[in-house]
Amino acid sequence: MADGKQPQTAKVQRLENEYTRRLARQQVAAKQPHHGLKRRRVRRMARILAIFAVFALILGIQLVRTNASLHHVNQQVTTSKQKLAQTKQTNAELKLEVKQLNNKDYLGQLIRSKYYYSKSGETIYSLPGDHASDVTAK
């Protein structure tokens with residue numbers, strides 16, 4: 001032959017045992033040295049992606065919880081502002097009432113209308129449409 005190889009004859013047979021199979025695997029592995037390396041890289045990449053996914057999931061859950069907490073706190077702030085406004089209004093009304101109660105004319109008018117007191121020589125007539133709260137509404 002021209003290429004220097006001798007043709008195989010039919011008299012030579014290959015033995016099929018564990019040793020020859022192992023040699024065949026080694027020869028295949030020697031021809032493809034990156035096959036095992038590729039598998040390791042794929043496994044490593046899968047592990048890294050799994051770890052990344054776990055961290056992304058944890059951070060996502062934390063963001064959702066923080067957003068819910070922020071919403072709850074904002075609702076509390078709004079409620080507190082409404083209560084503060086109501087309390088300021090009540091405080092202003094009470095200050096006005098205290099100021100009016102310090103006025104002797106208003107106090108006398110309030111006592112006469114609410115408790116039906118009269119000045120000496122004065123006569124009080126109670127009519128059906130009269131209400132004691134009318135004077136206090138001023």
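Nothing here was measured: the structure is a model prediction, and the numbers come from that model. Computation of the quantities below employed the complete heavy-atom set of this structure, encompassing side-chain atoms and omitting hydrogens, waters and symmetry-equivalent molecules.
Note that the CG atom of Leu94 and the CD atom of Gln89 stand 10.5 Å from one another [nearest 0.5 Å]. For the atom pair CG of Leu101 and NZ of Lys99, the computed distance is 12.5 Å after rounding to the nearest 0.5 Å. With values rounded to the nearest 0.5 angstrom, Gln75 atom CD is found 4.0 Å from His71 atom NE2. The CD atom of Glu97 sits 11.5 Å away from atom OG1 of Thr90, with the distance rounded to the nearest 0.5 Å. Between the CZ atom in Arg41 and the CZ atom in Arg44 there is a gap of 7.5 Å [rounded to 0.5 Å]. Expressed to the nearest 0.5 Å, how far CD of Gln76 lies from NZ of Lys83 amounts to 9.5 Å.
In summary, of the residues considered (Asn103, Ile111, Asp105), a side-chain contact (heavy atoms from CB on, under 4.5 Å) with Leu107 occurs for Ile111 alone.
Surrounding CZ of Arg21 are more than 12 heavy atoms belonging to other residues, nucleotides or ligands, all under 6.0 Å away.
Put simply, the side chain of Gln62 does not reach to within 4.5 Å of the side chain of Ile58, judged on heavy atoms.
Panel note: side chain Asn102, backbone Val98; a donor-acceptor pair is recorded below 3.5 Å. The backbone N or O of Arg65 lies less than 3.5 Å from no partner atom in the side chain of Ser69, so there is not a single donor-acceptor pair.
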| What do the steps show when you test Leu70 against Thr66 for side-chain contact (heavy atoms from CB on, under 4.5 Å), and what is the final call? | CA-CA 6 Å; Leu70 177 66; Thr66 302; 5.5 Å; no
